[in-house]
**Student:** 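Dropping the structure in here first, questions after.
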There are 2 protein chains.
Amino acid sequence: MRLLPHPNPEDIQLTEVLKALSDPVRLLIVGRLAAHGEMTCSTAGDDLGVHKSTASHHYRMLREAGVIMSKQEGRKKYISLRRDDLDARFPGLLDSVLTAAHEPV
Amino acid sequence: MRLLPHPNPEDIQLTEVLKALSDPVRLLIVGRLAAHGEMTCSTAGDDLGVHKSTASHHYRMLREAGVIMSKQEGRKKYISLRRDDLDARFPGLLDSVLTAAHEPV
DNA sequence: CGTATAGTTGGATGTATGTCAAACAGTTAG
DNA sequence: CTAACTGTTTGACATACATCCAACTATACG
């Protein structure tokens with residue numbers, strides 16, 4: 001069901017993941033996916049404060065870095081965190097980032 | 001002894017740290033600092049494969065993101081990881097990144 | 001004082017990125 | 001079929017970044 005190119009688990013690069021997570025909008029998206037699981041791009045991109053084309057750009061960044069998986073179903077596209085792949089490759093990384101992202105300012 | 005602007009611990013931003021760590025050269029520098037503790041810019045920048053001015057640029061990125069501390073002593077500048085500050089603000093983050101950076105390809 | 005050492009700064013360059021707007025494409029509903 | 005919905009693509013633009021080289025600053029050593 002992978003219509004778009006996703007990196008294989010062993011090809012996920014640390015620097016690419018860190019770069020993908022280093023944008024506030026993308027971090028927000030990832031936080032939502034972590035909290036609510038699989039969701040459509042519409043839902044994930046709701047109230048992000050950016051144009052839908054910008055959100056689409058961010059989904060591609062996250063996908064190409066290996067952070068999220070996307071699958072098309074009808075006219076909707078569902079995206080989800082690649083938790084297992086990330087945890088296996090970079091133990092503790094995603095959790096610490098998600099925890100840090102929730103911290104008060 | 002802080003001659004250059006370092007962000008206060010509470011002002012260190014997650015996205016800035018992640019961006020700082022998302023460059024291969026900087027990750028290498030951080031790995032060295034983690035392994036050997038405080039070192040001069042010369043030592044940290046040895047065999048990085050980049051020009052010394054490029055290395056200097058990376059030190060500034062790391063410093064401004066709050067990842068490293070630098071202090072001038074004579075004509076040498078010593079840089080070190082802000083481990084405690086980072087651990088306090090983003091528990092587990094630095095460790096997971098360092099662990100991941102050491103993983104085989 | 002003159003020279004070597006340690007780093008920074010400025011200029012130049014090519015590449016990447018974040019953003020929006022508008023147009024487009026595929027899917028579903030009436 | 002036509003219209004609405006979901007999301008991507010393209011173009012345009014401003015900004016940031018990684019890099020090198022050359023010049024500069026500041027300190028230390030003879």
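Values in this document were obtained by computation on a predicted structure and should not be read as measured data. Letters A, B, ... mirror the listed sequences (proteins, then strands); counts begin at 1.
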**Student:** If you compare every side-chain N and O of B:K77 against the phosphate oxygens of C:dT8 (OP1, OP2), does one of them come in below 4.0 Å?
**Tutor:**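 The answer is yes; a side-chain N or O of B:K77 sits under 4.0 Å from OP1 or OP2.
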
**Student:** So if I take every side-chain heavy atom of B:S53 and compare against C:dT9, D:dA18, C:dT8, which nucleotide ends up nearest?
**Tutor:**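 My answer, after comparing the listed nucleotides, is C:dT9.
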
**Student:** If I take atom CG from residue A:D85 and atom CG from residue A:L94, how far apart are they, to the nearest 0.5 angstrom?
**Tutor:**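 Reported to 0.5 Å precision, the distance equals 11.5 Å.
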
**Student:** How long is the straight-line distance from CG of B:L18 back to CG of A:D23, given to the nearest 0.5 Å?
**Tutor:**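 Atom-to-atom, A:D23:CG and B:L18:CG are 10.5 Å apart.
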
**Student:** Rounded to the nearest angstrom, tell me the gap between atom CE in A:M61 and atom P in C:dA16.
**Tutor:**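 Atom-to-atom, A:M61 to C:dA16, this comes out as 10 Å.
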
**Student:** Taking only N and O in the side chain of A:R75, is any of them less than 4.0 Å away from OP1 or OP2 of C:dA25?
**Tutor:**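 For A:R75, the contact criterion (side-chain N or O under 4.0 Å from OP1 or OP2 of C:dA25) is not met.
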
**Student:** For C:dT19 and A:H58 - does any side-chain N or O of the residue sit under 4.0 Å from the phosphate oxygens OP1/OP2?
**Tutor:**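 True: A:H58 side-chain N/O within range (under 4.0 Å) of C:dT19 OP1/OP2.
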
**Student:** Measuring from the side chain of A:D23 (C-beta onward, heavy atoms only), which nucleotide among C:dT17, C:dG18, D:dT8 has the closest atom?
**Tutor:**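 Minimum distance to the A:D23 side chain belongs to C:dG18.
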
**Student:** What nucleotide among D:dA22, D:dT6, C:dC20 has an atom nearest to a side-chain atom of A:H51?
**Tutor:**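 Comparing D:dA22, D:dT6, C:dC20 against the side chain of A:H51, the answer is C:dC20.
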
**Student:** Calculate the interatomic distance between B:L48 atom CG and D:dC20 atom C1'; express it in whole Å.
**Tutor:**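 The distance from CG of B:L48 to C1' of D:dC20 comes to 15 Å, rounded to the nearest Å.
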
**Student:** Below the 4.0 Å mark, does C:dT19 have OP1 or OP2 next to a side-chain nitrogen or oxygen of A:T54?
**Tutor:**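 The answer is no; no side-chain N or O of A:T54 sits under 4.0 Å from OP1 or OP2.
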
**Student:** Would you mind telling me which of C:dA6, D:dT19, D:dT6 lies closest to the side-chain atoms of B:V25?
**Tutor:**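 For the B:V25 side chain, the nearest candidate turns out to be D:dT19.
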
**Student:** Starting from P on D:dC5, measure out to OH on A:Y78 and report it in whole angstrom.
**Tutor:**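 About 16 Å, once rounded to whole Å.
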
**Student:** Taking NE2 from B:H57 and P from C:dT13, how many angstroms apart are they, rounded to a whole number?
**Tutor:**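 Rounding to the nearest Å, NE2 of B:H57 and P of C:dT13 are 18 Å apart.
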
**Student:** Would you kindly give the CG-to-P distance between A:L27 and C:dG18, to the nearest whole Å?
**Tutor:**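 Rounded to whole Å, this separation is 13 Å.
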
**Student:** Once you round it to whole Å, what is the distance between C1' of D:dT25 and CD of B:Q72?
**Tutor:**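 So the two atoms are 11 Å apart, to the nearest Å.
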
**Student:** If you assign A:G74 and B:S56 each to the DNA chain C nucleotide with the nearest heavy atom, which residue ends up on the more 5' nucleotide?
**Tutor:**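 In this pair, the answer is B:S56.
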
**Student:** Taking side chain to side chain contact (heavy atoms under 4.5 Å, CB included) as the criterion, tell me which of A:D95, A:L33, A:I68, A:V67 meets it with A:R83.
**Tutor:**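 By the side chain to side chain contact (heavy atoms under 4.5 Å, CB included) criterion, A:R83 pairs with just one of A:D95, A:L33, A:I68, A:V67: A:D95.
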
**Student:** Measuring from atom CG of A:D46 to atom CD1 of A:I29, what distance do you get when rounded to the nearest 0.5 angstrom?
**Tutor:**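 So the CG of A:D46 and the CD1 of A:I29 are separated by 11.5 Å.
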
**Student:** Of the candidate nucleotides D:dA23, C:dT19, C:dA23, which contains the atom at the shortest distance from the side chain of A:K52?
**Tutor:**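 Closest nucleotide among those given: C:dA23.
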
**Student:** Quick one: pull up NZ in A:K71 and OH in A:Y78 and give me the separation to the nearest 0.5 Å.
**Tutor:**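 Separation between the atoms: 8.5 Å.
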
**Student:** How many Å lie between OH on B:Y59 and P on C:dT9, as a whole number?
**Tutor:**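 Answer to the nearest Å: 14 Å.
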
**Student:** Nearest whole Å is fine: how far is D:dT27 P from B:K76 NZ?
**Tutor:**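 Those two atoms, NZ and P, are 15 Å apart.
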
